[in-house]
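Side chains are part of it too, since the values below use all heavy atoms of this structure and drop only hydrogens, waters and symmetry mates.
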Amino acid sequence: MTREQLLARYRELVLHELPRGARAGRWTVTADHCFGRIVLDHAVGGRWYDALDRRRSPAFAQLDDAQLTGAVALAERVLVEGDPLLRELDAQSLAWRGRPPKR
């Protein structure tokens, strides 16, 4: 995929496909901004706003090619594996923020 295709795929997954799958499957996370947080955090290996400029939008466009490819692959994986994987990823994302996991 080209970078432009990866950016478009990221946007489609995070804004539309993951929230739709989450609502249908009754996943623990359903909001698009939460999917963005989780995927971005894992793309950079910590709180995304520590690695990317939160004033420059969209944050995902700041990822390098390898990070963007990984972010899309992770989002695709969540779409397939669903809530069990999502819970793990969300728990780690929240831990990076010093927050307890959701129940």
- Message: Pair Arg54, Trp48 - check side chain to side chain contact (heavy atoms under 4.5 Å, CB included), show working.
- Response: CA-CA 8 Å; Arg54 63 177 14 173; Trp48 69 265; 3.8 Å; yes
- For Asp83 and Arg87, run side chain to side chain contact (heavy atoms under 4.5 Å, CB included): C-alpha distance rounded to whole Å, both residues' side-chain angles, the deciding distance at 0.1 Å, then the answer. CA-CA 6 Å; Asp83 199 53; Arg87 284 178 183 272; 2.6 Å; yes
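Considering only heavy atoms from C-beta on, Val72 comes within 4.5 Å of Glu76 through its side chain.
With sequence neighbours left out, the ring pair (Phe, Tyr, Trp, His ring centres under 6.0 Å) criterion links Trp96 to His42.
Note: the hydrophobic cluster containing Leu94 does not contain Val29 (ILVMFWY, side chain heavy atoms under 4.5 Å, direct or indirect links).
Atom CZ of Phe60 and atom CG of Leu6 lie 11.0 Å apart (nearest 0.5 Å). Here Leu52 contributes atom CG and Arg47 contributes atom CZ; the two are 12.5 Å apart, rounded to the nearest 0.5 Å. Note that CD of Glu81 is 9.0 Å distant from CG of Leu89, once rounded to the nearest 0.5 Å. One finds the CG atom of Leu74 at 10.5 Å from the CG atom of Asp41 (value rounded to the nearest 0.5 Å). Between the CD atom in Gln92 and the CZ atom in Arg97 there is a gap of 10.5 Å [rounded to 0.5 Å]. Tyr10 OH to Leu63 CG: the interatomic distance, rounded to the nearest 0.5 Å, is 7.0 Å.
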Under 3.5 Å, sequence neighbours excluded: what are the donor-acceptor pairs made by side chains of residues 16-23?
residue	atom	partner	partner atom	Å
Glu17	OE1	Arg9	NH2	3.2
Glu17	OE2	Arg9	NH1	2.5
Arg23	NH1	Pro19	O	3.4

Review item, side-chain donor-acceptor pairs of residues 30-40, under 3.5 Å, at least two apart:
residue	atom	partner	partner atom	Å
Arg37	NH1	Asp90	OD1	3.0
Arg37	NH1	Ser93	OG	2.7
Arg37	NH2	Asp90	OD1	2.7

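A donor-acceptor pair under 3.5 Å links the side-chain atoms of Gln5 to the main chain of Thr2, judged by distance alone. A donor-acceptor contact shorter than 3.5 Å is absent between the side chain of Asp65 and the backbone of Arg3.
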